[in-house]
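Take a look at the structure set out below.
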Amino acid sequence: MILLKSHSCGELNKKHLGAKVTLAGWVNRRRDHGGLTFIDLRDREGIVQVVFNPEVSKLCHEVASQMRSEYVVRVSGEVALRPPGTENPKLPTGDIEVIAYNTDILNTSKTPPFYINEDTEIEESLRLKYRYLDLRRARMKENLLLRYRVVKFIRDFLDTKGFIEIETPILIKSTPEGARDYLVPSRVHPGKFYALPQSPQQLKQLLMVAGVEKYFQIAKCFRDEDTRADRQPEFTQLDLEMSFVEEEDILNLLEELFISMVKTIKPEIRMTKPFPRLTYTEAMEYYGTDKPDLRLGMEIRDLSDIVAQSNFSIFLSAIAEGGKVKGICAPGCANYTRHQLVELNEVVRNVGAEGFITLPLGASGGSINDLTLEMVRSVATKFLTLDQIKQIAERLGANRGDLLFIIAGKASKIVDVALGELRLELGRRLKLADPNVLAFIFIVDFPLLWWNEETGQWEAMHHPFTAPKDEDASLLDVAPEKVQGKHYDIVCNGCEIAGGSIRIHTSELQRKIFKLLGYNDDEIEERFGHLLEAFDYGAPPHGGIAPGIDRIVMLLTGEETIREVIPFPKSQTACDLTFSAPSTITEQQLAELHLRLREES
RNA sequence: GGCCCCGUGGUGUAGUGGACAAACAUGCCACCCUGUCACGGUGGAGAUCGGGGGUUCGAAUCCCCCCGGGGUCGCCA
């Protein structure tokens, strides 16, 4: 192989002393001392100092004076020990330097629009416009590398488990039942469209029918929905499916995958092993969400039985109307100001909860047994006895100096969600999330269906291919809301990182579910006929899961958004700011696709 | 579609009704400098304050509309 370089900048050390090397890279920084010039030369592997001494080469020294930041240069020189006292411990290559005897400028560079050699905050739209420069920065380079390591680890791991990686098409059929599809017009078939896969769900099930048994793919998925910090129009998931398995097999495999991945890639990160398991009901009950961040502690507890003994009408009426009174304890927050409490009340109000009560448990440093009513500055002291307050404090695991929040409501779900939001806000304010912990958990026992009030129809909690639990199958006809699905999620630090299920593998049951979801026979045939027919040719029992690669890498890098781990992400309005996509196309292109643009009113 | 935040020399910030002919840091350009490593020194250039309209004697600053970016609710089988 012929390269313009013999070594990379970052690999050089004392072992190379005396070696004649040729390096090529970018000028990270130039320090011109007049008679002597230093260049920090950067390539993918790191930075090394190059010395241009006119006594070694007058020509090199002159060329170096022309160099500027981000110029692409090649240097031939000798690796030498730095003079004693001039070593740079901040640099991995800081013991040595390269004395240049030959150099040339391979390309010049305009002054970049932002710093590449410093880690400063830069407006994201500018970074995205010049993403190729942004990716030169150390932080982004490290993120790209870590992402590669994650995907490499997954491939190696699954290979040892007997999985094979199979590609599935990007141009498939629109079967609208979930997110909005990205569509591609057909030139050959006027008026017809392909859809980009929202996930390879049906394809991987067909691969199971094909007898592949263990399949995976690092798959691009496309969903035309609004973006979030952890959502992009196109994203990458590890798509995985196995035949002849039950829920437990999939969970054990994924647990082993994630534990060994984290140990290998981020050994300093702590995890709870084995991963705790929560049912969907427990998650909602104790955390007010189906993707709880277990690092925060502060579990929600039901207080209805205690306050039922009080004469506080807010509590009593909530309970009488079939609702709940629940609470949460904010450690050490008894001294919160009125203003802070109003702000927190706002959080609760935003999700539609009323009946917000605060109970500060006096000053810190003392037993809860010594608490007196006078210490508790709350309206609730008029209606709650000291003993009731102590019972509440005990149930919430509270100490003196803590602040209790109680929410009463006739709709239990809103009480849970409000306390869940409050918990997240308190977690942020109290910085309870340990960045060196990855709190993986499994969420299991989801309902199969939920009733959509707006459309007046049953909808799939996960997707329509999820199998009901065997013992619940008979309930499908009489009480669909009670049916649990063989559906499981993996949640980590409050982020849903994977969802999967054991699938339906008979056409009979699959048809029944489609009908329950409101499709008529014709629609079922038109949209899912291919899948149902396949099930009639010996489809094996099968199931799988789909972890989100972007989210996993985001958690491992400690980034706040998945855009930081995607080389070329879209903006919130789904634009590619590097290419300025989407863009208009020519009239000829439209005509070939048999399309005419509508006049927007 | 709703709500919230941001937009000031290349970059990051300050300035929130008059003393702004817009400040600071860094970057950039020129000159000086042989051991620096965020080198140092001297000098210099660089901003229609995102765009448009309005209020006012006076607007970077207040109001309205638009554009761009971000967060979030809805949405995300």
Side-chain angles (χ1 to χ4, degrees), chain A residues 28-41 47-56 61 65 68-70 80 82-91 93-94 97 99 109-130 133 174-181 197-199 201-202 221-233 235 346-347 350-352 417 421 424 448-450 452 454 458-466 485 487 496 499 501 513-514 517 519 527-528 546 548 560-561 563 569-573 575 577 580:
Chain A
N28 197 59
R29 221 176 269 280
R30 182 177 63 116
R31 289 178 295 282
D32 184 351
H33 288 232
L36 193 67
T37 299
F38 300 95
I39 295 280
D40 289 339
L41 189 63
I47 289 174
V48 71
Q49 172 165 283
V50 181
V51 187
F52 297 90
N53 190 331
E55 289 163 16
V56 174
H61 184 253
S65 71
R68 294 293 182 272
S69 289
E70 300 310 314
R82 291 192 181 199
T86 66
E87 301 86 356
N88 184 357
K90 284 186 247 171
L91 222 52
T93 61
E97 59 192 6
I99 313 293
S109 170
K110 291 205 253 183
T111 302
F114 49 79
Y115 303 104
I116 289 164
N117 51 17
E118 285 180 32
D119 186 25
T120 49
E121 287 296 314
I122 297 147
E123 202 182 321
E124 197 172 349
S125 53
L126 191 70
R127 291 175 56 200
L128 291 176
K129 183 178 175 189
Y130 296 98
L133 296 179
S174 178
T175 58
E177 78 277 351
R180 205 173 287 115
D181 283 323
Q198 295 177 22
S199 85
Q201 180 60 35
Q202 294 183 55
C221 305
F222 306 86
R223 293 179 193 173
D224 187 3
E225 299 291 349
D226 289 350
T227 64
R228 288 288 185 276
D230 62 355
R231 267 163 42 190
Q232 282 271 299
F235 60 98
E346 199 58 35
V347 172
N350 285 342
V351 295
V417 170
E421 289 296 321
L424 286 177
L448 184 70
L449 305 161
W450 64 282
N452 187 331
E454 280 179 29
W458 289 107
E459 292 194 16
M461 193 83 175
H462 182 47
H463 58 47
F465 315 110
T466 300
H487 164 202
E496 184 192 320
S501 62
I513 297 291
F514 283 141
L517 294 172
Y519 297 109
R527 291 181 186 176
F528 304 107
E560 298 283 325
T561 86
R563 294 188 302 279
K570 307 270 187 296
S571 75
Q572 192 168 72
T573 50
C575 290
L577 298 179
S580 298

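Note: Phe38(A) and His33(A) have perpendicular aromatic rings, judged against thresholds of 30 and 60 degrees for the angle between ring planes. Ring-plane geometry between Phe528(A) and Phe514(A) is classed as parallel, the angle between the planes falling under 30 degrees on a 0 to 90 degree scale with a further cut at 60.
Considering only residues two or more places apart in sequence or on other chains, Asn53(A) meets the side chain to side chain donor-acceptor pair (under 3.5 Å) condition with none of them. Annotation: side chain to side chain donor-acceptor pair (under 3.5 Å) contacts of Thr573(A) (sequence neighbours excluded): Ser571(A). For Glu496(A), there are no side chain to side chain donor-acceptor pair (under 3.5 Å) partners, not counting sequence neighbours. With sequence neighbours excluded, no residue forms a side chain to side chain donor-acceptor pair (under 3.5 Å) with Glu421(A).
The gap from the P atom of G2(B) to that of C64(B) amounts to 15 Å, rounded to the nearest Å. Rounded to the nearest Å, the gap between the P atom of G54(B) and that of C39(B) is 50 Å. When the P atom is compared between C63(B) and C6(B), the two are found 12 Å apart, to the nearest whole Å. Distance check on atom C1': G68(B) versus G51(B) gives 11 Å, rounded to whole Å. Across the P atoms, C4(B) and U42(B) are found 49 Å apart, a figure rounded to whole Å. Across A59(B) and A22(B), the matching P atoms stand 16 Å from one another, rounded to whole Å. Taking atom P on both nucleotides, G27(B) is separated from G40(B) by 8 Å, rounded to a whole Å. Using atom C1' as the reference point in both G7(B) and U61(B), the two lie 14 Å apart (nearest Å).
Here Ser199(A) lies in heavy-atom contact (under 4.0 Å) with a base.
Checking Lys570(A) against Trp450(A), the closest nucleotide of RNA chain B that is more toward the 5' end is the one next to Lys570(A).
With a 3.5 Å ceiling on both atom-pair distances, the Watson-Crick or G-U wobble partner of C3(B) is G71(B). Checking A23(B) for Watson-Crick or G-U wobble geometry (two distances, each under 3.5 Å) identifies U13(B) as its partner. Across all strands shown, C49(B) remains unpaired; no Watson-Crick or G-U wobble contact has both distances below 3.5 Å.
Within the 4.0 Å cut-off from OP1 or OP2 of G68(B), not a single side-chain nitrogen or oxygen of Ser125(A) is found. Contact between the side-chain N/O atoms of Thr227(A) and the OP1/OP2 oxygens of C76(B) is not found at any separation under 4.0 Å. Residue Gln572(A) places at least one side-chain N or O under 4.0 Å from the OP1 or OP2 atom of G71(B). For A77(B), one of the phosphate oxygens OP1 or OP2 lies less than 4.0 angstrom from a side-chain nitrogen or oxygen of Arg223(A).
Residue Asn452(A) contributes atom CG, which lies 9 Å from atom P of C76(B) at whole-angstrom precision. Rounded to an integer number of Å, the gap from CD of Glu560(A) to P of U72(B) is 10 Å. Atom pair Glu454(A):CD and G74(B):C1' shows a separation of 9 Å (rounding to whole Å applied). Rounded to whole angstrom, the span from the CG atom of Leu449(A) across to the C1' atom of A77(B) amounts to 12 Å.
Judged by distance alone with a 3.5 Å cut-off, a donor-acceptor contact links the side chain of Arg231(A) to the base of C76(B).
There is a side-chain donor-acceptor pair under 3.5 Å between Asp181(A) and Gln198(A). Looking only at atom types and distance, the side chain of Gln49(A) has a donor-acceptor partner in the side chain of Arg31(A) under 3.5 Å away. No side-chain donor-acceptor contact under 3.5 Å links Glu118(A) and Thr120(A).
Two residues are said to be in side-chain contact when any heavy atoms from C-beta on lie closer than 4.5 Å; Ile39(A) and Phe52(A) meet this criterion.
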Protein heavy-atom contacts under 4.0 Å, written 5' to 3' over nucleotides 33-40 of chain B as B (base), S (sugar-phosphate only) or - (none), form the string BBBBBSB-
In B/S/- notation (B base, S sugar-phosphate only, - none; protein heavy atoms under 4.0 Å), nucleotides 1-11 of chain B written 5' to 3' is B--------BB
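For the atom pair CH2 of Trp458(A) and CG of Leu448(A), the computed distance is 10.0 Å after rounding to the nearest 0.5 Å.
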